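Remember, it's a predicted structure, so these values are computed and weren't measured experimentally.
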Amino acid sequence: MPQSPQSHPPTPEQVRSLRRRACAVFLALSLTGTAALTALTFGAAPAAHAAGVPAPSPIGIAGRGASVPFTELEAEYAATNGTFIGPDRLYGSLPSEASGRQAVTLNAVGQYVEFTLAKPANAMSLRYSLPDTADGKGRDATLDVRANGQSVKTLPVTSKYSWYYGGYPFNNNPGDTNPHHFYDESRTLLGSTYPAGTKIRVQVTSTAQSPGFTIDLADFEQVAPAAGKPTGALDAVADFGADPTGGTDSTARMQAAVDAGQAQGKTVYVPPGTYTLYDHVVVDGVTVQGAGPWYTVFGGRDPVNRNRAAGFYGKYVPGGGYTGPVRPHEANGPSKNVTLKDFAIIGDIRDRIDDDQVNAVGGAMSHSTLDNLWIQHVKVAAWMDGPMDRFTIQNSRFLDMTADGVNFHTGVTNSRVTNTFVRNAGDDGLASWPQDKPNTNISFDHNTVVLPILANNIVTYGGKDFTISDNVMSDTISNGGGLHIANRYPGVNSGRGTAVAGTITAARNTLIRTGNSDFNWNFGVGAIWFSGLNEAVQGASIKISDTDILDSSYAAIHSIEGPISGVEFTNVNIDGAGTYAIQAQSNIAAKFTRVTAKNIAQSATPIHNCIGAGLQITDGGGNSGWNTGQTCSGLWPAPVWTNGGVPSDPTTPPTTPPRPTPPARPRGAPLIAVPSASCGAAGRSSRTGTAEASALPSGRSIRPMYRFLRLSRSTSSSAIRTPSGETFSPAGDDGGGEGRGDGQVDAQALQPRGGGHRGVGGQPLGGAPSQQGRRAGDGDDEYGGQGDARRADGPPPGLPAVPQPGSDEERHHGGGAGDGGAGGHDQVPLPGEGSGGPGRQRGGGVGGQYLAPQGEGPGWPGWPGLSRRPGGCSVSVRSALRSVLRSVLRCGHAGPLSRSREVRRVVAEPGPPG
């Protein structure tokens, strides 16, 4: 969603490390019968070319997901003389962003992919990727489309809407790190209807314009003829002079048409054509209807004022979610009784600038509907700034956005997204974010959300009485999961009534290959995950039922960043998880009834738990496959992807799984999870990458999970450049090292505080308040190793968060990291907060302490210190960077915090963007 936290991309060393680890992973393909609750379709490669690995498809799952008008055919199962690539889920690899994580590359004249039509079709949309150009401006090329050997179309393809680099909000500079967002789509009417069985070939005729073409899939459909003008409707072309050739700007003419339609109570019909709009058209009390999304197409962007582009907006509400400048004709919303239907908005947005109002649909619209829209190449398909009520999106396709698919932002009530297909969103697919006014009674149902590049398929940040049901979510790319329920991001807290509350129902969903590695955290995010970052998720009833979690990239179920309670899992089928069935990194209390799991990579210990008794599971009976063992290993295992859920016989749909006999444990008895092993410690060198637990002053043993740390024998100490361009030297024998941060944020004011923080030398803190010591004029906050990295963030993973009644963020004082002394401490800004402990440092002592509120003692143990001197854990340069700059990566960023009209992310919390 727009205004994600700043994302610090992985360094080249991190990327190479990921690749080395991936090379050790054996992709175990499970072809056994599935216990899925619903029937799945999957590709069967033709005998002539069976390169593709069979994998569940998100299309065609009975009763779930959008009822789409197309038949989807994957390139890896088609006939081809090209090169098969994948499967691969490592962020930054070309197949990782393909559907099913597989594709076919064509790199010579005459190479092709040939699809066999399963149903009659007269139209095709091809998903593909071209290489970027050296200057990042992109290239145009063409492919030949042939039907049964005869050329029928020349299909234009381009890389101008793909290939982004660097950290959030990303750029078009190929010299930067972190390339991603590789794919785009191009559509064409084929000119006639071809029957089932027709061979449709996409073939390379020249490599002069592009050295290669990677084909992911093709969607084929039978498009109905263009719809005519409704009786009594106004004609935007005949009556108002809109230009259907796209040669001139039609913004003023379209605005005149919709104003007349409102005044006269008439529909505005827009005939077939391509219409250029340099600004959005403001609609209120009117229906705008096209001839169909294949015939009536709006596009364009102002060549001078680049913050304006084609779209349709409701009027803004005073004091609502939008806080930017408002022109007179945009004021005094919300608009009411608007219908936008049967047309396409295919924009020209090639960057992500969150202040720019270049969304396809925006503003506020109550009692309004979007129906049968095709939206592509915009920032957000529909970013709705409430307050507004009774708004519906239905029967639509949203493709290739630079940010979210849909975001209900601030005070959106009684609204719904249904039967909508979302693919290749640059951020969250479907999201709700009540920044400062409650979102209530929202339904995301019967949608298919595929391949979000950053963050989650479907998410609610806060919200009351939500329904997220009958959806299909697949192929999360990075820094998110399939379904996310969280108290995260600015303004989400119980004091404002915006936190998770009431009943959250998530029923009959299918999640396929969801969740993925967070490149800031350096561990996996679960397919279904919960976060209590701003405050504990408590008091709500969260019901997850009748759900299939298939082939999760990492864990199936995940908690992090703060306490979670009130969760019930019922009739949940977990088939395939790259790491664990459950990954508990913050306190969570949940009831499990008839939750079955198989094909879990860590089958001997399917629960990861470093929070001890903080994991409280109530056994409702009928559970199997996931409650057989627990671990706190100290190292994140490399994921094993099994393509779980593929039936062995595609003609026999899976059935509802049997209900095994409950274990002997009395029903209702809590399962208290206890870590089975120490997770590492300070001051002990280890050649195996593990260490014994060390005693802290509190007497507790520390069992942290090393999020970034990978111990090695290396003691290299060359200077390192951070992702933001700062330099840092790991050298420092007795305290001379200096780590410069990437910026400070006051989480309460949501404003940057200086340009960086420094941990110089380090010093014991002994519970003293942070010495802010701000220096005027230079933008730096200097804290002498103590620091004051304020962030809306939870404790280190593996440690429980501290509830904060009445507060909508935590402040963590710490973040300075010094050599040879303490580097900061974490504490909660509540009265009587108790004595502070030493923070994380590279000098070999103990780590910080995470303090309990109200003076309840020294609190939870912090992270271990690291030493590069004899007697301490030796770390590689990369590991040192990860550990010493934890506060930088998690607490700061380079540059100011944008006061975007759509801002909702604390820049101080870069990962995972959600």
Side-chain angles (χ1 to χ4, degrees), residues 27 29 41-55 57 59 70-89 93-119 121 123-132 139-159 162-163 182-188 190-191 194-220 451 475 643 650:
L27 184 63
L29 173 63
T41 60
F42 66 99
H49 189 78
V53 175
S57 169
I59 307 298
F70 55 81
T71 299
E72 187 163 286
L73 300 178
E74 297 274 0
E76 60 268 25
Y77 308 136
T80 181
N81 58 358
T83 302
F84 169 75
I85 62 172
D88 188 355
R89 305 187 199 182
S93 71
L94 192 56
S96 73
E97 293 188 17
S99 175
R101 315 306 177 98
Q102 307 170 84
V104 173
T105 294
L106 312 176
N107 53 24
V109 172
Q111 290 193 336
Y112 64 85
V113 174
E114 187 172 83
F115 303 96
T116 300
L117 294 184
K119 296 179 181 179
M124 177 186 75
S125 181
L126 185 76
R127 189 166 194 263
Y128 64 90
S129 176
L130 304 185
D132 200 5
R139 68 176 79 241
D140 296 322
T142 59
L143 288 165
D144 190 31
V145 180
R146 297 170 175 257
N148 291 331
Q150 299 296 315
S151 179
V152 296
K153 284 286 181 177
T154 297
L155 181 69
V157 290
T158 185
S159 66
S162 50
W163 291 92
F182 305 125
Y183 289 83
D184 195 11
E185 296 189 35
S186 182
R187 67 180 192 172
T188 184
L190 298 174
Y194 293 94
T198 302
K199 308 292 186 182
I200 303 294
R201 176 178 292 194
V202 177
Q203 182 166 313
V204 178
T205 57
S206 171
T207 56
Q209 297 168 313
S210 178
F213 305 78
T214 296
I215 310 302
D216 180 18
L217 56 83
D219 293 334
F220 293 95
L451 292 159
D475 294 299
N643 286 14

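Here the side chain of Ser186 pairs a donor or acceptor atom with the backbone of Pro156 at under 3.5 angstrom. Formation of a donor-acceptor pair under 3.5 Å by the Thr158 side chain with backbone atoms of Arg139 is found in this model. Judged by distance alone, with hydrogens and angles left aside, the side-chain atoms of Asp475 form no donor-acceptor pair with the main-chain N or O of Glu97 at under 3.5 Å.
In this structure, the side chains of Glu114 and Ile200 stay at 4.5 Å or more apart for every pair of heavy atoms. Contact annotation: the side chain of Asp140 never approaches that of Gln209 to less than 4.5 Å [non-hydrogen atoms, C-beta and beyond]. Residues Gln102 and Pro87 have side chains in contact (heavy-atom distance under 4.5 Å, counting atoms from C-beta outward). By the 4.5 Å heavy-atom criterion applied to side chains, Ser129 and Ser162 are not counted as neighbours. Looking only at side-chain heavy atoms (C-beta outward), Tyr183 and Thr214 come within less than 4.5 Å of each other.
The shortest heavy-atom contact between Pro131 and Gly212 is CD-O, 3.2 Å. Smallest separation of non-hydrogen atoms from Phe115 and Leu73: CE2-O, 3.5 Å.
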- Query: Yes or no on side chain to side chain contact (heavy atoms under 4.5 Å, CB included) for Tyr128 and Asp184, after CA distance, side-chain angles and deciding distance?
  - Reply: CA-CA 6 Å; Tyr128 64 90; Asp184 195 11; 3.7 Å; yes
- Task: Go through Phe220 and Phe70 one step at a time and tell me if the side chain to side chain contact (heavy atoms under 4.5 Å, CB included) criterion holds.
- Result: CA-CA 5 Å; Phe220 293 95; Phe70 55 81; over 6 Å; no
- Evaluation steps, side chain to side chain contact (heavy atoms under 4.5 Å, CB included), between Thr142 and Leu155: CA-CA 5 Å; Thr142 59; Leu155 181 69; over 6 Å; no
- Query: Please walk me through it: do Asn107 and Thr207 pass side chain to side chain contact (heavy atoms under 4.5 Å, CB included)?
  - Reply: CA-CA 7 Å; Asn107 53 24; Thr207 56; over 6 Å; no
- Task: Evaluate the criterion side-chain hydrogen bond (donor to acceptor under 3.5 Å, both in side chains) for residue pair Asp144 and Thr205; output intermediate values, then yes/no.
- Result: CA-CA 7 Å; Asp144 190 31; Thr205 57; over 6 Å; no
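The CD atom of Glu72 sits 9.5 Å away from atom OG of Ser125, with the distance rounded to the nearest 0.5 Å.
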